[in-house]
Chemist: 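Pasting a structure below so you can have a look.
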Amino acid sequence: MPAASQTQSTAVELSAPHPTLTVYNTLSKKKEPFRTVEEGKVGIYLCGPTVYDKAHIGHMVGPVIFDCIKRYLKYCGYHVTWVVNITDVDDKLINKANDRGITMLEVAEENIADYNGNLAALGVDQIDHFPRATECMPEIIAIVQSLIDSGYAYESEGDVYFDVTKDREYGKLSNRSLDQVQGDGGGGAERKRSSADFALWKSAKPGEPAWDSPWAKGRPGWHIECSAMSKKLLGETFDIHGGGLDLVFPHHENEIAQSECCHGKTFATYWAHNGLLRKDSESGKIGGGGASEKMSRSKGAGGLATLIAKQGGERIRFFLLRTHYRSTVLFSEEAIEEAAIGLESFYRLFKRYHRITKGDFYHLQARAHRTEGDTQSTGNAALDAAAACKAKFIAAMDDDFNTGGAIGELFELAKIANRYCDEHNLEGGGADNATIGDLTLLMATIKELSNILGIFLQPPALPGGSATDELLSKVMPLVIELRAEARAAKNFAVADAIRDGLAPTGVKLEDRAGGTEWTGGGEGAIDKVMAMLIDLRQTSRKNKDFKTSDAIRDRLAAVGVILEDRSGGTEWTRA
């Protein structure tokens, strides 16, 4: 171990660089070729939540991004271990428990369940370990004791502090000098040698949760928890440390200091920081801050579970991945709705593929590795164009995981597939084994690349998620109006068609003195009701009953449903 005040971390020998993948490193302030500590393996640590309250959308930015990063690294052939920590002991947790009259553990368990449910809804399923601070006390205490023994930390009245003056590299991540960090070391100034020193261990006040230690019963400081948990699961040096840009100082700066002074070697090779989430100017900035101010509970960010129930998890994930991870994300529900419009274009393509081939896009077998498949020209213009899109997609991901650029190529692939259907009249009699085979190859390429982004893994759940969903509630009053108007005009053909068409949907109409009410529905009901309306519109047009056909089209548009007439039939989508 180097002598105190002369510490310089020793660089770890890394594997050969990946031939094309580069990662922006906050430490060097530049993109660097990707090298790993151990050949073929990647260790990732992402700072997780302090679970004193329900999660908000800001808590999902890092997990969604790193879920995608892990998927891509696996696609590149790496074996990846991803750790997300849970801070389940903290002043905020203690205060919340006291306010609610329950234990700190009960507060933590409740909010961990909420956090995990939100991760699942957004398709974040690549995390390997969720260590909790309270489960790592022996490891925490061991690092603190090592720092005291080597002169980098000191005990003061039961507290233990890291002496920043003993680390000559302190400030290298945030590019701050010791003079600039004076006063940023938290409370307890009267017990510190310097105001910039930060707590490794805090002695407990009466009635607070506490653990035995060589210094006093107490609990760990925030920063030391991550050093201990990352070492336990990933080793003294690992590949990528992630987190929000707001964590660069003091949290990540302090992690580097305590870990590298303890072990005398590089803590993490790459520091990848995602941009923060804030509300856009039209929606009102949370807290009134500028572009760098993040959304947080203290700034008014709401519960995420409610947003997921309203918008659906895939919409939110897609919205977060449209922007490069290092950029600020401007949040509003209108922005999520805009992202949803893009998703609908893919859903329409998947339905089209099913109409043509009777195949299910979600069950397509896709390549799982970037080196699989023939890269030679096929002579087929559509397949060669798709191969070019795939190459550009991979190039975007190789360039510091640029998901925004990758998504642009995914849209281009959808255009290629739709154009192929149109040029070969696949919905009008032009489908044969050869054209269906080519279309399936195009769709499999979309599946391969969308798997990397973690989207289109399964059919989307309708926002709201209830059996009688929101859209059905909007459409059924229109159906009742059409039927009432047809009966009043003695147009019994239309009235009977509505009655008979609703029979297989599970929706029942009940005529009462005060009007007609509807009941029932259930899974798939909205699709069946829409099919009935599309059939009724086509029949009305054939019978030159344009009043009814136009009413169906216009009234559906008024509630956000668009009808698109194509050679293979009419499709409906949410606007």
Chemist: Quick one: sort the F456 and F346 rings into parallel, tilted or perpendicular, breaks at 30° and 60°.
Modeler: tilted
Chemist: Rounded at 0.5 Å granularity, tell me how far OG in S540 sits from CG in N491.
Modeler: 7.5 Å
Chemist: Ignoring hydrogens and geometry beyond distance, is a side-chain donor-acceptor pair present between Y75 and R367 at under 3.5 Å?
Modeler: no
Chemist: Indicate yes or no for a side-chain donor-acceptor contact from N118 to the backbone of D114 under 3.5 Å, with no hydrogens or angles considered.
Modeler: yes
Chemist: Would you say that more than 12 heavy atoms from the other residues, nucleotides or ligands in this model lie under 6.0 Å from the CD of Q365, or not?
Modeler: no
Chemist: Report the distance from atom CD1 of I57 to atom CG of L277, rounding to the nearest 0.5 Å.
Modeler: 5.5 Å
Chemist: Return yes if a side-chain donor-acceptor contact under 3.5 Å exists between E337 and Q311, otherwise no.
Modeler: yes
Chemist: May I ask you to decide if the ring planes of H252 and W271 are parallel, tilted or perpendicular, using 30° and 60° as cut-offs?
Modeler: tilted
Chemist: If you compare all heavy atoms of M530 against all heavy atoms of L556, which two are closest, and at what distance to 0.1 Å?
Modeler: CE-CD1, 3.7 Å
Chemist: Any Lys/Arg nitrogen of R566 or E427 sitting under 4.0 Å from an Asp/Glu carboxylate oxygen of the other?
Modeler: no
Chemist: Do T435 and D438 have a side chain donor and acceptor closer than 3.5 Å?
Modeler: no
Chemist: Tell me whether D511 is salt-bridged to R483, with the criterion being a basic N under 4.0 Å from an acidic carboxylate O.
Modeler: yes
Chemist: Hey, is R541 close enough to D550 for a salt bridge, meaning N to O under 4.0 Å?
Modeler: no
Chemist: Please answer whether the main-chain N or O of S327 pairs with a side-chain N or O of H324 as donor and acceptor at a distance below 3.5 Å.
Modeler: no
Chemist: Please round to the nearest 0.5 Å and tell me the distance separating atom CG of D53 and atom NZ of K92.
Modeler: 10.5 Å
Chemist: Tell me, please, whether Y24 has R326 positioned over its six-membered ring: NZ or CZ under 6.0 Å from the ring centre and within 45 degrees of its axis?
Modeler: yes
Chemist: Keeping N274 on the side-chain end and Y325 on the backbone end, is there a donor-acceptor pair under 3.5 Å?
Modeler: no
Chemist: Charged N to carboxylate O below 4.0 Å: is that the case for D125 and R71?
Modeler: yes
Chemist: Rounded to the nearest 0.5 Å, what's the gap from CZ on R553 to CG on L563? Could you check?
Modeler: 9.0 Å
Chemist: Just say parallel, tilted or perpendicular for the rings of F34 and Y270, cut-offs at 30° and 60°.
Modeler: tilted
Chemist: Which of parallel (below 30°), tilted (30 to 60°) and perpendicular (above 60°) describes Y362 and F350?
Modeler: perpendicular
Chemist: Mark yes or no for whether N111, through its side chain, and V51, through its backbone, hold a donor-acceptor pair below 3.5 Å.
Modeler: yes
Chemist: Decide yes or no on side-chain hydrogen bond (donor to acceptor under 3.5 Å, both in side chains) for K29 and N25, but give the supporting numbers first.
Modeler: CA-CA 6 Å; K29 307 296 187 293; N25 193 345; over 6 Å; no
Chemist: Examine distances only and state if a side-chain atom of T403 and a backbone atom of L321 form a donor-acceptor pair shorter than 3.5 Å.
Modeler: yes
Chemist: Under 6.0 Å from the CG atom of D432, do we count more than 12 heavy atoms belonging to anything else shown?
Modeler: yes
Chemist: Taking atom NZ of K30 as the centre, does the number of heavy atoms from other residues, nucleotides or ligands within less than 6.0 Å exceed 12?
Modeler: no
Chemist: Applying the salt bridge (charged side-chain N to carboxylate O under 4.0 Å, His left out) criterion to K31, which one of D399, D398, D400 satisfies it?
Modeler: D399
Chemist: Without swapping roles, check the side chain of N380 against the backbone of A382 for a donor-acceptor pair under 3.5 Å.
Modeler: yes
Chemist: May I ask you to decide whether E481 forms a salt bridge with R555, counting only side-chain N to carboxylate O separations under 4.0 Å?
Modeler: yes
Chemist: Does the distance from a Lys or Arg side-chain N to an Asp or Glu carboxylate O, for E485 and K547, drop under 4.0 Å?
Modeler: no
Chemist: Check whether D128 reaches the backbone of V83 with its side chain - one donor and one acceptor, N or O, closer than 3.5 Å.
Modeler: no
Chemist: Not counting sequence neighbours, list each pair that qualifies as a salt bridge (Lys or Arg N to Asp or Glu O under 4.0 Å) and has a residue in residues 410-426.
Modeler: R352-D422
Chemist: Do the side chain of R317 and the main chain of G123 share a donor and acceptor less than 3.5 angstrom apart?
Modeler: yes
